[in-house]
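One structure below.
In what follows, chains are A, B, ... by sequence order, proteins preceding strands, each numbered from 1. What's counted below: heavy atoms across the whole structure, side chains too, no hydrogens, waters or symmetry copies. All values derive from a computational prediction rather than experimental measurement.
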Amino acid sequence: DTGVSQDPRHKITKRGQNVTFRCDPISEHNRLYWYRQTLGQGPEFLTYFQNEAQLEKSRLLSDRFSAERPKGSFSTLEIQRTEQGDSAMYLCASSLASSVETQYFGPGTRLLVL
Amino acid sequence: RKEVEQDPGPFNVPEGATVAFNCTYSNSASQSFFWYRQDCRKEPKLLMSVYSSGNEDGRFTAQLNRASQYISLLIRDSKLSDSATYLCVVNGRLNTGFQKLVFGTGTRLLVSP
């Protein structure tokens, strides 16, 4: 399968713990995006990378959130000191820089903070 | 006001029915428009782009009215497999020049036998 993959698919954690999610984009895609989706809402943009550079961050991305894409391939999203309000589906998407509006989404990581 | 507004539904229709979803957007500078489909507990997938001239893909027809900032999706001859949430999406240009996709809340469609 050459689509976008994410790991883990599900994560349950206690409030205050740190969690890290991984996204592997489609191999030839140089843009990678992170979104958050809560129940009954559409995905909300968090941040994006072009190759290894993080070029845009949403105001939704508090200081507890950090994302990296060290080699321009896979990306990680870390949430420190999780709060119950962080419970959501975290979606990763990728695209070519020449076709930024055609984004392919991964299956998401569903986070539950107890 | 939300950037993209949709009726969340659900729309309950019998198989074979025609159903239409509408969406309004607030940013008049938006240039690109899409419908995505999202199945329950799955990721969104691009259904179709929406062009000013309107476009059709099989049973699906999308229309754009720039003057009214309104987008529609028409599904003819509904199938059980069309049951999903349909997300209206527009691009929004930030001050940095970056164009992000802005999603509506989605309209849920339930097609029954």
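- No path of Ile, Leu, Val, Met, Phe, Trp and Tyr side chains, each step under 4.5 Å between heavy atoms, connects A/L46 with A/L91, placing them in separate hydrophobic clusters.
- For B/R41, the parts lying near chain A are the backbone and the side chain together; criterion is any non-hydrogen pair under 4.5 Å.
- Interface remark: B/Q6 contributes no atoms to any contact with chain A (heavy atom separation under 4.5 Å).
- Looking at A/Q103, both its backbone and its side chain come within 4.5 Å of chain B, counting heavy atoms on both sides.
- In this structure, a donor-acceptor pair under 3.5 Å is absent between the side chains of B/E43 and A/Q6.
- Looking at A/Y104, neither its backbone nor its side chain comes within 4.5 Å of chain B, counting heavy atoms on both sides.
- Cluster membership check: A/L114 does not share its hydrophobic cluster with A/L39, using side-chain heavy-atom separations under 4.5 Å among Ile, Leu, Val, Met, Phe, Trp and Tyr.
- Interface residue B/P44: backbone and side-chain heavy atoms are both found under 4.5 Å from chain A.
- In this structure, A/T47 OG1 and B/K100 NZ are separated by 11.5 Å, a value rounded to the nearest 0.5 Å.
- Within a 6.0 Å radius of CG in A/L112, more than 12 heavy atoms belonging to other residues, nucleotides or ligands are found.
- Follow the hydrophobic side-chain contacts under 4.5 Å out from A/W34 and you reach A/L60 in the same cluster.
- Residues A/Y48 and A/L61 do not share a hydrophobic cluster, clusters being chains of Ile/Leu/Val/Met/Phe/Trp/Tyr side chains in contact below 4.5 Å.
- For A/R15, the CZ atom sits in a loose shell: 12 or fewer heavy atoms of surrounding residues, nucleotides or ligands are nearer than 6.0 Å.
- In this structure, the separation between OH on A/Y35 and CG on B/L101 is 4.0 Å, given to the nearest 0.5 Å.
- Between B/L87 and A/P43, some side-chain heavy-atom pair lies under the 4.5 Å cut-off.
- B/Y25 and B/F103 fall into different hydrophobic clusters, where Ile, Leu, Val, Met, Phe, Trp and Tyr side chains are chained together by heavy-atom contacts under 4.5 Å.
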